[in-house]
Amino acid sequence: MHLLSCEHITMQYDGRNVVNDISFFVDPGDYLCIVGENGSGKSTLMRGLLGLKPLAGGNVIFGDGLRRQEIGYLPQQTAVQREFPTSVEEVVRSGLLNRCGMLPFYNAAARKRADGIMERLELTELRRRSFRALSGGQQQRVLLARALCATGKLLLLDEPVSALDPVATADFYALIRKLNREDHIAVIMISHDIQAAVKQANRILHLDSTLRFFGTTAEYLQSDVGHAFCEA
Ligand SMILES: Nc1ncnc2c1ncn2[C@@H]1O[C@H](COP(=O)(O)OP(=O)(O)OP(=O)(O)O)[C@@H](O)[C@H]1O
């Protein structure tokens, strides 16, 4: 069974279809990049998968024991988020909230989980530092740790490297690949960097409000749409 299947998803703003009849799936261990021009519906589709925006049609089906609240999500960063006046540790632990329900504190097991994730992402030494004093690359690593608190199965990343310099970008991609290959966490990443997408991902979804392509990266590189987009 697929980890996630989307069947004929349609989504609208003001009665206008901005995501139109999209079907695809993600298997355990997959690394799927969603590509397409500006305004092609990538972020809207991701919000639909997360249940943050209702679907106008179609279904999202979870398999392999995955529940929607166990998806780790790293949204596009905003200037306001970069100014969080709190410690690294608190930002990471805030990712535990879905697991702890409405409890106003984190239990010992949850705190241990967050500590393990900070260690894995080499954030332990930074844990008492102020989030807003970190570099852009460090901040993204903290927000990734926060997203990982929710999941051991599926990460959704919306343009995670858009504000990073080339070195921080390469480090971030290496970290995602490690989590995907070593920890077997499936990844869905929206990317504007098509060259990186075809290097990192094993599947590609190309949107233009409708589905232009869904398949393996090798098939995409052989396809007309893949050829045209990679050479543009
Ligand atoms: N809150 C909103 N209200 C109305 N229209 C919206 C809203 N958000 C997005 N749209 C429209 O929906 C369409 C898809 O937008 P979306 O942000 O999903 O595209 P995208 O592929 O993620 O774009 P980008 O690559 O620029 O981030 C666009 O035409 C956009 O203008």
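Atoms within each ligand, like the ligands themselves, are counted from 1 in listed order. For reference, positions follow the sequence shown, starting with 1.
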Fill in the blank from the handout: Contacts satisfying ring-ring contact (aromatic ring centres under 6.0 Å, His included) that involve residues 115-170 (not counting sequence neighbours) are F84-F131
Exercise for the section: Quick one: pull up CD in Q140 and CG in L164 and give me the separation to the nearest 0.5 Å. Expected result: 5.5 Å
Inventory of protein N or O atoms under 3.5 Å from ligand 1 N or O:
unit_1: ligand 1; atom_1: 18 (O); unit_2: T44; atom_2: N; d: 2.9
unit_1: ligand 1; atom_1: 18 (O); unit_2: T44; atom_2: OG1; d: 2.5
unit_1: ligand 1; atom_1: 19 (O); unit_2: G41; atom_2: N; d: 3.2
unit_1: ligand 1; atom_1: 21 (O); unit_2: S40; atom_2: N; d: 3.0
unit_1: ligand 1; atom_1: 21 (O); unit_2: S40; atom_2: OG; d: 3.4
unit_1: ligand 1; atom_1: 21 (O); unit_2: G41; atom_2: N; d: 3.0
unit_1: ligand 1; atom_1: 21 (O); unit_2: K42; atom_2: N; d: 3.0
unit_1: ligand 1; atom_1: 21 (O); unit_2: K42; atom_2: NZ; d: 2.8
unit_1: ligand 1; atom_1: 22 (O); unit_2: S43; atom_2: N; d: 2.9
unit_1: ligand 1; atom_1: 22 (O); unit_2: S43; atom_2: OG; d: 3.0
unit_1: ligand 1; atom_1: 23 (O); unit_2: G39; atom_2: N; d: 2.9
unit_1: ligand 1; atom_1: 25 (O); unit_2: N38; atom_2: ND2; d: 3.3
unit_1: ligand 1; atom_1: 25 (O); unit_2: K42; atom_2: NZ; d: 2.8
unit_1: ligand 1; atom_1: 25 (O); unit_2: H192; atom_2: NE2; d: 2.8
unit_1: ligand 1; atom_1: 26 (O); unit_2: N38; atom_2: ND2; d: 2.9
unit_1: ligand 1; atom_1: 27 (O); unit_2: E159; atom_2: OE2; d: 3.4
unit_1: ligand 1; atom_1: 29 (O); unit_2: R16; atom_2: NH2; d: 3.3

Problem - Q12 atom CD, over 12 foreign heavy atoms within 6.0 Å - result: yes
Exercise for the section: Determine the sole option in F214, F229, F24, F213 for which the ring-ring contact (aromatic ring centres under 6.0 Å, His included) test with H206 is passed. Expected result: F229
Exercise for the section: Using distance alone, with no hydrogens and no angle criterion, decide if D158 and S43 have a side-chain donor and acceptor under 3.5 Å apart. Expected result: yes
Practice task
Answer yes or no: is there an ion pair linking R203 with D27, defined by an N-O contact shorter than 4.0 Å?
Solution key: yes
